[in-house]
Protein chains: 2
Amino acid sequence: MEFLKKPHLKRVPKLSEQVAEILASELERASIQPGEAFPSEAELSERFEVSRTVIREALARLKYDGLLESRQGSKSIVAQPGSQRAFRLDRLEVTDLAKIGYLYEFRAILESAAAALAAKRRSQENPENLRKHLETMEQAVKDHLDATAANVDFHMEIVEASGNPFLKDFMHFFRGKIWDLVQADRDCSNHQGLPPEVQQEHVTIFKAISAEDSDIAREAILTHLINAARRSGITIFNSE
Amino acid sequence: MEFLKKPHLKRVPKLSEQVAEILASELERASIQPGEAFPSEAELSERFEVSRTVIREALARLKYDGLLESRQGSKSIVAQPGSQRAFRLDRLEVTDLAKIGYLYEFRAILESAAAALAAKRRSQENPENLRKHLETMEQAVKDHLDATAANVDFHMEIVEASGNPFLKDFMHFFRGKIWDLVQADRDCSNHQGLPPEVQQEHVTIFKAISAEDSDIAREAILTHLINAARRSGITIFNSE
DNA sequence: AAATTTAACTTGACATACAATATTATAACA
DNA sequence: TGTTATAATATTGTATGTCAAGTTAAATTT
């Protein structure tokens with residue numbers, strides 16, 4: 001079991017992380033009103049029975065995310081709602097099937113818009129790259145290999161082609177965080193081979209973007225993602 | 001790094017923030033390959049001529065955002081791309097007009113999808129709240145007051161009505177971060193009075209959601225946001 | 001009562017020490 | 001020589017103490 005020795009696998013949370021978790025959840029349920037003072041580092045140090053070092057690192061996280069504001073000399077104060085500085089998906093429970101459906105839905109919203117824009121703004125290289133990823137997928141399936149990587153590349157090429165940098169950045173974040181959960185095209189990577197309709201759906205998307213047909217591209221990827229969700233037993237967009 | 005310590009300058013970010021900025025930008029241009037070791041805290045402390053405390057708080061930020069991974073006993077390593085843990089909009093330059101257009105666009109994508117879903121899933125209270133915000137806006141304009149707050153509430157009620165918690169959470173983040181920049185309906189809050197078409201656009205959206213007409217709701221809010229962008233001299237969705 | 005001064009408190013930053021863990025060099029052994 | 005056990009070293013995690021800078025609130029003075 002050599003992989004057990006691989007670093008960064010059995011990571012135990014640092015004290016500051018645990019403290020930050022607790023304080024963040026307390027702030028979330030608004031136990032202290034925005035604008036009011038937060039307990040001092042000394043008080044928290046005494047309450048959690050850890051050093052001020054740990055408390056400071058925990059508070060640094062909350063400040064970094066915009067949950068607290070601090071000035072030298074004065075106590076930290078609870079920030080107003082709406083001053084959030086980061087969007088995170090860490091604290092989601094993957095057990096809830098409905099929640100996963102909403103994630104699918106969120107992805108479908110962004111990717112369908114990306115496909116529509118990609119059809120309008122694609123460069124010459126975008127279709128070439130898409131075709132390349134399609135062929136890689138096809139070959140991988142033929143060889144009974146994992147086609148997930150090429151699949152991800154295909155979808156990422158679409159948001160790349162959309163030309164909107166925020167769309168692209170957000171989908172990169174989204175992918176890294178939860179693509180393994182929302183693996184809508186998991187069919188590609190299981191060992192039973194690729195359902196022919198999946199590859200066909202990909203081809204339809206590719207053709208629409210290549211032909212610069214915005215509406216068809218949007219419809220095609222919407223269909224693709226709705227089908228992919230249904231293959232996982234999930235319904236999105238109230239599309240029975 | 002003596003220039004970092006200028007306490008007489010007002011609004012001086014903390015040392016750890018400045019160091020984190022520098023290190024983050026260095027990581028962004030991939031000066032160190034993913035998987036490779038990052039300089040130790042002692043080295044960085046020496047390089048920046050600050051205490052290890054400052055370095056630790058700076059590194060804590062990078063780890064929190066998933067740019068670095070660390071384990072006790074070993075050097076921190078640069079994380080793989082795709083392990084990003086947070087989506088941020090802090091480091092955007094508001095001077096670039098094209099970039100603001102992409103922000104408008106991003107918002108329009110999410111809100112149009114939200115409106116379409118809201119028409120399907122709205123509760124009984126949602127139209128009531130929307131109507132209330134409409135009236136507040138109308139009254140504010142009539143009294144030559146700022147209608148921005150009610151305007152924001154109106155749009156937020158739509159994403160609330162969409163039923164998708166991620167859509168809602170993200171728009172809350174988005175609003176707090178950049179709504180003042182992407183104030184697409186600024187017309188409502190300036191002192192020259194409300195362009196009649198703006199309130200009319202709002203009414204159209206409200207009616208469509210109330211009538212549970214998904215397609216009209218999407219079209220109406222898309223038109224509204226495209227118009228709002230154009231009133232600010234910005235074109236989105238390549239829609240001249 | 002109002003203004004000013006002083007004291008106490010709080011966060012920002014630094015220095016040091018030690019514990020826990022990983023890596024590397026060394027020694028022992030086959 | 002090559003392999004393995006062991007010791008030395010390096011690195012992060014945590015604790016403690018100190019001081020500086022700035023804010024708040026009480027005390028004092030006018």
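Atoms considered below: every heavy atom in the structure, side chains included; atoms not considered: hydrogens, waters and symmetry mates.
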Applying a 4.0 Å non-hydrogen cut-off, can you work out what A:Leu15 is touching in the nucleic acid: base, sugar-phosphate, or nothing?
sugar-phosphate
Any Lys/Arg nitrogen of B:Glu26 or B:Arg47 sitting under 4.0 Å from an Asp/Glu carboxylate oxygen of the other?
yes
Round to the nearest Å and state the distance from A:Gln72 atom CD to D:dG22 atom P.
6 Å
What is the distance from CZ of A:Arg56 to C1' of D:dG17, rounded to the nearest Å?
14 Å
Expressed in angstrom and rounded to an integer, what is the separation of A:Glu46 atom CD from C:dC9 atom P?
13 Å
Centroid-to-centroid, A:Phe87 to B:Phe170, below 6.0 Å?
yes
Report the distance from atom CD of A:Glu69 to atom P of C:dT11, rounded to the nearest whole Å.
14 Å
A:Thr148 and A:Asn151: side chain donor to acceptor below 3.5 Å
no
B:Ser51 vs C:dC14: side-chain N/O to OP1/OP2 distance below 4.0 Å:
yes
5'-most contact on DNA chain D (nearest-nucleotide basis), A:Arg52 vs B:Glu41, goes to B:Glu41
What integer distance in Å separates B:Lys14:NZ from C:dC14:C1'?
15 Å
Would B:Glu43 and B:Lys75 pass as an ion pair if we require N to O under 4.0 Å?
yes
Counting only side-chain N and O atoms of A:Ser16, is one of them less than 4.0 Å from OP1 or OP2 of D:dG13?
no
Using a cut-off of less than 4.0 Å, is there contact between a side-chain N or O of A:Lys63 and OP1 or OP2 of C:dG12?
yes
Whole Å only: how far is the CD1 atom of A:Ile55 from the C1' atom of D:dA15?
12 Å
Can A:Arg88 be said to sit on top of B:Tyr64's aromatic six-ring, NZ or CZ under 6.0 Å from centre and within 45° of the ring axis?
yes
B:Ile77 atom CD1 is separated from D:dA10 atom P, nearest whole Å, by 21 Å
Starting from P on D:dT12, measure out to CD on B:Glu57 and report it in whole angstrom.
16 Å
At less than 4.0 Å, is any side-chain N or O atom of A:Thr53 found next to OP1 or OP2 of D:dT16? Yes or no.
no
Any side-chain N or O of A:Arg71 under 4.0 Å from OP1/OP2 of D:dT24?
yes
